[in-house]
Amino acid sequence: MNFDRNKATRIWTTACRIPKGRVSSYGFIADLAGLPGRARMVGKVLHYAPEEMCVPWQRIVKSNGQIAFAAGSKSAQLQSSLLHDDGVIVFNNRVSLKRYFWKPDFAELMAMEY
DNA sequence: GTATTGACTTCAT
DNA sequence: AATGAAGCCAATA
């Protein structure tokens with residue numbers, strides 16, 4: 001798998017900023033990582049995220065709050081479980097963005113723009 | 001080189 | 001709320 005390691009690292013580190021108990025979307029993370037329009041790449045890259053980086057991939061969901069995996073699939077169940085550990089309620093394979101969507105504060109946004 | 005494929009998003013029904 | 005089409009872009013084939 002030869003993907004762009006540099007971009008991948010940006011995505012991983014960006015994902016690591018999502019605090020416990022919050023979620024974000026693929027597109028939003030792509031934007032923060034400086035890669036607008038590459039939501040699909042975020043998903044691909046998260047799949048390759050090394051274990052030792054402890055990337056909280058479970059906190060990334062679709063823009064409508066649904067988990068990206070098919071309901072009932074092994075991955076979806078695992079993600080739901082991990083989110084539950086974070087204190088996030090998962091219902092019908094989705095979470096409430098109203099309650100959990102991560103809004104980075106101003107200082108964090110500034111630290112990112114590069 | 002073109003075609004297909006996604007852990008996606010948005011808009012229109 | 002649910003579907004579907006079109007757009008998206010890097011990776012694969």
Side-chain angles (χ1 to χ4, degrees):
Chain A
M1 33 211 95
N2 305 338
F3 54 93
D4 191 318
R5 189 83 188 185
N6 203 2
K7 290 173 188 162
T9 300
R10 286 234 294 287
I11 289 171
W12 289 332
T13 57
T14 301
C16 287
R17 290 168 163 270
I18 305 174
K20 181 176 179 179
R22 292 304 185 80
V23 301
S24 192
S25 76
Y26 295 93
F28 195 69
I29 291 302
D31 286 350
L32 288 184
L35 302 166
R38 268 157 265 201
R40 304 189 102 124
M41 190 178 177
V42 171
K44 182 166 293 196
V45 159
L46 285 180
H47 183 64
Y48 301 140
E51 183 87 20
E52 59 271 22
M53 277 187 88
C54 300
V55 177
W57 60 270
Q58 73 275 22
R59 297 178 192 153
I60 318 266
V61 297
K62 294 204 232 182
S63 62
N64 63 358
Q66 285 203 252
I67 287 177
F69 301 107
S73 67
K74 196 78 181 296
S75 298
Q77 289 184 356
L78 172 59
Q79 184 167 10
S80 299
S81 155
L82 290 171
L83 281 173
H84 191 66
D85 290 345
D86 277 358
V88 173
I89 309 258
V90 180
F91 183 68
N92 273 11
N93 213 52
R94 82 162 65 181
V95 303
S96 167
L97 293 181
K98 222 35 183 193
R99 294 164 70 92
Y100 303 119
F101 197 82
W102 172 50
K103 325 260 188 224
D105 61 35
F106 189 70
E108 251 173 318
L109 284 178
M110 290 306 281
M112 230 148 190
E113 315 269 358
Y114 271 93

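What you see is a predicted model, and the numbers here were worked out from it, not measured in a lab. Chain letters run A, B, ... following the sequence lines, proteins first, then strands; residues in each count from 1.
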Problem - Members of residues 70-104 of chain A that approach DNA chain C, where some heavy atom sits under 4.0 Å away - result: none
Handout entry: CD-CG distance between A/Q77 and A/N93, expressed to the nearest 0.5 angstrom
Key = 9.5 Å
Practice task
Could you check how far CE of A/M41 sits from C1' of C/dT12, rounded to whole Å?
Solution key: 14 Å
Problem - Spatial distance of atom CZ (A/R10) from atom CG (A/L35) [nearest 0.5 Å] - result: 5.0 Å
Handout entry: Rounded distance [0.5 Å steps], CD1 in A/I11 versus CD1 in A/I29
Key = 9.0 Å
Exercise for the section: Keeping the roles fixed (side chain from A/S80, backbone from A/A76), state whether a donor-acceptor pair exists under 3.5 Å. Expected result: yes
Problem - Length of the CZ-P vector between A/R38 and C/dG7, whole Å - result: 19 Å
Problem - Atom pair distance, as rounded to whole Å: CD in A/Q66 and P in C/dA1 - result: 10 Å
Exercise for the section: Step through the shown structure and confirm whether more than 12 heavy atoms of other residues, nucleotides or ligands are within 6.0 Å of CD on A/E52. Expected result: yes
Exercise for the section: Measure the distance from CG on A/D4 to P on C/dC9 and round it to the nearest whole Å. Expected result: 16 Å
Handout entry: A/I18 vs A/V23, side-chain contact (heavy atoms from CB on, under 4.5 Å): CA-CA, chis, key distance, verdict
Key = CA-CA 7 Å; A/I18 305 174; A/V23 301; 5.8 Å; no
Problem - Nucleotide-resolved protein contact map, nucleotides 8-13 of chain B, B/S/- at heavy-atom distance under 4.0 Å - result: BSS---
Handout entry: Criterion side-chain contact (heavy atoms from CB on, under 4.5 Å) on A/S63 and A/Y26, from CA distance to verdict
Key = CA-CA 7 Å; A/S63 62; A/Y26 295 93; over 6 Å; no
Practice task
For the pair A/Q79 (side chain) and A/V61 (backbone), establish whether a donor and an acceptor sit closer than 3.5 Å, ignoring hydrogens and angles.
Solution key: no
Handout entry: Spacing of A/L46 atom CG relative to C/dA10 atom C1', expressed in whole Å
Key = 15 Å
Problem - Length of the line joining A/K44:NZ and B/dA7:P, which is rounded to integer Å - result: 7 Å
